[in-house]
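In listed order, ligands and their atoms are each counted from 1. No hydrogens, no waters, no symmetry mates; every other heavy atom, side chains included, goes into these values.
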Amino acid sequence: MKILVLNGPNINMLGIREPEIYGSLTYDDLVSMITKHCENKGIEVQCLQSNHEGTLVDYIQQAYFDKVNGIVINPAAYTHTSVALLDALKAVSIPTVEVHISKVDERESFRQLSYVSYYASRTIIGKGFEGYLEAIDFLADGGN
Ligand code: DQA
């Protein structure tokens, strides 16, 4: 079982950016938490982050050639704008869960549309870092 955890723009700023919304833990803390969780479950995991839409598309395409079994993606702001990320996910046809750290459903109206949701099997919102672990478990348990 091989999982790619992909994070979009400004997720590298966790711990610094709007701690009242995203908390005080850092991106490195997130990666350690995911790595430990996957080690315990015998899941091979790769965590990648980019601030650039095209790079995120490249990572999704590469997942196909790397025979990744599941993608956990927090597209961050590109959630609400990117048809390119949606198309990349549809192109590789890998089971995908969308994660948002914050309660996007209770925030600004421009955050209410998610293009990635048109493809993702599940969307987990407002559960903080735990949401990523729940997404990994869902994919590892054969959810698609
Ligand atoms: C986010 C929510 C997005 O609206 C925002 O642009 C982000 C993070 C979240 O994890 O809650 O950067 O995806």
Tell me, which protein residue and heavy-atom name are nearest [atom], and how many Å apart are they?
atom	value
atom 11 (O) of ligand 1	Ser102 OG, 2.6 Å
atom 1 (C) of ligand 1	His100 ND1, 3.7 Å
atom 9 (C) of ligand 1	Ile101 N, 3.4 Å
atom 7 (C) of ligand 1	Tyr22 OH, 3.5 Å

To the nearest 0.5 Å, how far apart are OH in Tyr115 and NE2 in His80? 11.0 Å

Between [X] and [Y], does any side-chain donor sit less than 3.5 Å from a side-chain acceptor?
X	Y	result
Asp29	Thr26	yes
Glu98	Ser114	yes
Tyr132	Asn7	yes

Has ligand 1 got any nitrogen or oxygen that is less than 3.5 angstrom from a nitrogen or oxygen of [X]?
X	result
His80	yes
Ala77	yes
Val104	no

So, Asp105 and Arg111, do they make that salt bridge, N to O below 4.0 Å?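 Between Arg111 and Asp105 there is no salt bridge, as every charged N stays at least 4.0 Å from the carboxylate O atoms.
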
Looking only at heavy atoms, is any part of Arg111 under 4.0 Å from ligand 1, and if so is it the side chain, the backbone, or both, or is it neither?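 For Arg111, the contact with ligand 1 is made by the side chain alone.
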
Applying a strict 4.0 Å limit to heavy atoms, is Arg17 in contact with ligand 1? yes

With a 4.0 Å cut-off on heavy atoms, does Asn74 reach ligand 1?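 Heavy atoms of Asn74 do come under 4.0 Å of ligand 1.
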
Does atom CD of Glu130 have more than 12 heavy-atom neighbours from other groups under 6.0 Å away?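 Not buried by this count: 12 neighbours or fewer within 6.0 Å.
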
Can you spot which of Leu85, Leu48, Thr55 makes a side chain to side chain contact (heavy atoms under 4.5 Å, CB included) with Ile60? Leu85

